[in-house]
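There's a structure below that I have some questions on.
Below, chain A is the first sequence line, B the second, and so on; all start at residue 1. A quick note: this is a predicted structure, and the numbers were derived from the prediction, not measured.
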Protein chains: 2
Amino acid sequence: MPTSTQNSPEAVPADAGASAAFENTAPAFSPLYQQIKTLILRSLQAGEWKPGDMIPSEFDLAARFRVSQGTVRKAIDALATDNLLVRRQGKGTFVATHAEQHIQYRFLRLLPDTGSLEEQGPAERRIVECRRLRAPAEVARQLGLRTGDAVLQVKRVLAFSGAPAILEELWLPGGPFKGLTIEALSDDKGPMYALFETQFGVRMVRAVEKIKAVSADEDTAALLGVAPGYPLLSVERLAFTYNDEPMELRRGFYRTDARHYRNELS
Amino acid sequence: MPTSTQNSPEAVPADAGASAAFENTAPAFSPLYQQIKTLILRSLQAGEWKPGDMIPSEFDLAARFRVSQGTVRKAIDALATDNLLVRRQGKGTFVATHAEQHIQYRFLRLLPDTGSLEEQGPAERRIVECRRLRAPAEVARQLGLRTGDAVLQVKRVLAFSGAPAILEELWLPGGPFKGLTIEALSDDKGPMYALFETQFGVRMVRAVEKIKAVSADEDTAALLGVAPGYPLLSVERLAFTYNDEPMELRRGFYRTDARHYRNELS
DNA sequence: CAGTGGTCTAGACCACGAG
DNA sequence: TCGTGGTCTAGACCACTGG
């Protein structure tokens, strides 16, 4: 039945026997592997497998979805290029995670002008502020909330070898991040996104950044150790979980005297 | 024989009969589809098929390389995700091109803050300068030339609806671009990379950008219609042809008052 | 050694585009 | 109607990892 030509989207049963009613009007054709991809995605969202876990083998999934191994493979391939899964030959396929993934700061594109990331050493983090407040209109709009909904605001400075490099301000929806405290943030080692995963079950999947050049205002200048008016990179990031649900709005000011934002185009 | 397990890299004959000496030491294993990908890439570099051309069908290539259609397919898939080929169902597979590709400015990430690209209208281009000179050390280094080698320098301003937005300065290696004149550049409609393709057979394949925030100096400020000291995005782009050969160094200053540099992370 | 992902094949059939 | 790319299958074998 999966062999059927009349594939209506989402017609593949996850587990049960075979009997998907034929749609006589099937304008939207969706390939099987796409449907399988969606089903796997659902399991990921539902938390059936947690970040870092190994998912069932291709053959197991093929049996479960009643399709061939090759079809499951195409679905997993797609999820792997989306960075949701990671394949490891000889071991298995794993749910991607921000933790234990040696590349710290997966979304940070700021690199030292000279020298490597390693010799730069780890970032020193200082939380400047962390409070609960009602979402301003613009923040609410971008996070898909209503104006006045509860949000968390976090402000912090990142420094390398004692030299401040980034000042950033985050807004997080109050619901999913209920219970996040300044202590948890301060005590934490490792990427913030890793903490979001382990403590709140929120996994960031992709993000969009809008970059501008701005002049430092007085407060920002003071925190970054530059003169007011100093040119800074303004990086506004909206990060999404599964299903393109916005989960974090972040506005960063980057010093770019000894560092640059690197981007690859193709 | 392509079925052989003892695949030594590059061992697949393009056309001739079968007789690849078995390497008894074969530490580097390269899958067949990778080798096919390399062979297709060579044909692209050699100009066997020009930008915009349709390449032979998957079955034809499979016959030519003595492998199955599925293997050719994987090779083409890889080249397509690298943006070197474009598949069009029902028509064929084509060599990617910067021309006739409705997205003008494939590498330009500057978008209007409000409204769409369409309502912004086409960019107005004004060549400020175009001259031949000896490469400064830094330019030579990045382009893989020797200091003092001939390079072309072009300086131009891009404006939208009469408002200047970008000032950029380009360096091109003198050899491949012999004969490029200010007239050709000024007369040209369409993306500069399209002109490079059609007139010089140089196709840009990927690029790396380094972005910083800077203050406008007097000259730059005047050309962009802002006050000196105004914060600008400095975008340094190194663009590559096939084989990761650097072919263009470009330094742009972007006004970001009504526009932003957009980047997608995943 | 067994179990996992990775490669390759051969063949069937579908969707799309153009004559 | 034909030729192209797109999907799906079934099965064989290889490469890597770990017990």
Salt bridge A:Arg106-A:Glu197, side-chain N to carboxylate O under 4.0 Å |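 No, no charged N to carboxylate O under 4.0 Å.
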Nearest-nucleotide comparison on DNA chain D, the residue closer to the 5′ end among A:Ser68 and A:Gly90 =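 Closest to the 5' end, via its nearest nucleotide, is A:Ser68.
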Protein-nucleotide distance (B:Leu32, atom CG; D:dA12, atom P), rounded to Å |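 Answer to the nearest Å: 20 Å.
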NZ or CZ of B:Arg109 within 45° of B:Tyr261 ring axis and under 6.0 Å =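 No, B:Arg109 does not sit over the ring of B:Tyr261.
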Please work out whether the ring planes of A:Phe177 and A:Phe200 are parallel, tilted or perpendicular, with thresholds of 30° and 60°.
->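 Correct class here is tilted.
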Nearest of C:dT7, C:dG5, C:dT9 to any side-chain atom of A:Thr93?
->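 Nucleotide nearest to A:Thr93's side chain: C:dG5.
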Sugar-phosphate, base or nothing in reach of B:Tyr33, heavy atoms under 4.0 Å |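 B:Tyr33: backbone/sugar contact only, no base atoms under 4.0 Å.
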Would A:Arg259 count as a cation-pi partner of A:Tyr254, with NZ or CZ less than 6.0 Å from the six-membered ring centre and within 45° of the ring normal?
->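 No, cation not above the ring by the 6.0 Å, 45° rule.
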Locate the shortest heavy-atom distance separating B:Leu61 from B:Pro56; write the atom from each residue and the value.
->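 Smallest heavy-atom distance, with atoms named: CD1-O, 3.7 Å.
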Whole angstrom value for the distance that separates P of C:dG3 from CE of A:Met54 =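 Between P of C:dG3 and CE of A:Met54: 12 Å.
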Please determine, for the side chain of A:Lys91, which listed nucleotide (D:dT17, D:dG5, C:dT4) has the closest atom?
->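 Closest of the options to the side chain of A:Lys91: D:dT17.
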Output the single nucleotide from C:dG6, C:dC8, D:dT7 whose closest atom is nearest the side chain of A:Pro31.
->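 Nearest to the side chain of A:Pro31 among the choices is D:dT7.
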Starting at CD of A:Glu58 and ending at C1' of D:dG11, how long is that distance when rounded to a whole Å?
->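 Distance check: A:Glu58 CD to D:dG11 C1' gives 15 Å.
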Atom-pair distance (CD on B:Gln69; P on C:dA12), nearest Å =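 Taking atom P of C:dA12 as the reference, CD of B:Gln69 is at 13 Å.
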Check the distance between D:dT4's P and B:Phe94's CZ and give it to me in whole angstrom.
->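 Atom-to-atom, B:Phe94 to D:dT4, this comes out as 11 Å.
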Specify the separation, in whole Å, of atom CZ of B:Phe59 and atom P of C:dA12.
->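 It works out to 11 Å between those atoms.
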Interatomic distance, A:Phe65 CZ vs D:dC8 P [rounded to whole Å] |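 For the pair A:Phe65 CZ and D:dC8 P, the rounded distance is 14 Å.
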Distance test, side-chain N/O of B:Arg73 to OP1/OP2 of D:dG6, below 4.0 Å |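 Looking at the OP1 and OP2 atoms of D:dG6, one of them is under 4.0 Å from a side-chain N or O of B:Arg73.
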Classify the nucleic acid contact of A:Gln89 as base, sugar-phosphate or nothing, counting any heavy atom under 4.0 Å across all strands shown.
->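 The answer is base, as A:Gln89 lies within the cut-off (heavy atoms under 4.0 Å) of a base atom.
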How many Å lie between CG on A:Leu85 and C1' on C:dT4, as a whole number?
->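 Taking atom C1' of C:dT4 as the reference, CG of A:Leu85 is at 15 Å.
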Looking at B:Arg88, does any N or O in its side chain come under 4.0 Å of the phosphate oxygens OP1/OP2 on C:dG17?
->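 Answer no for this pair, as no side-chain N or O of B:Arg88 is under 4.0 Å from OP1 or OP2.
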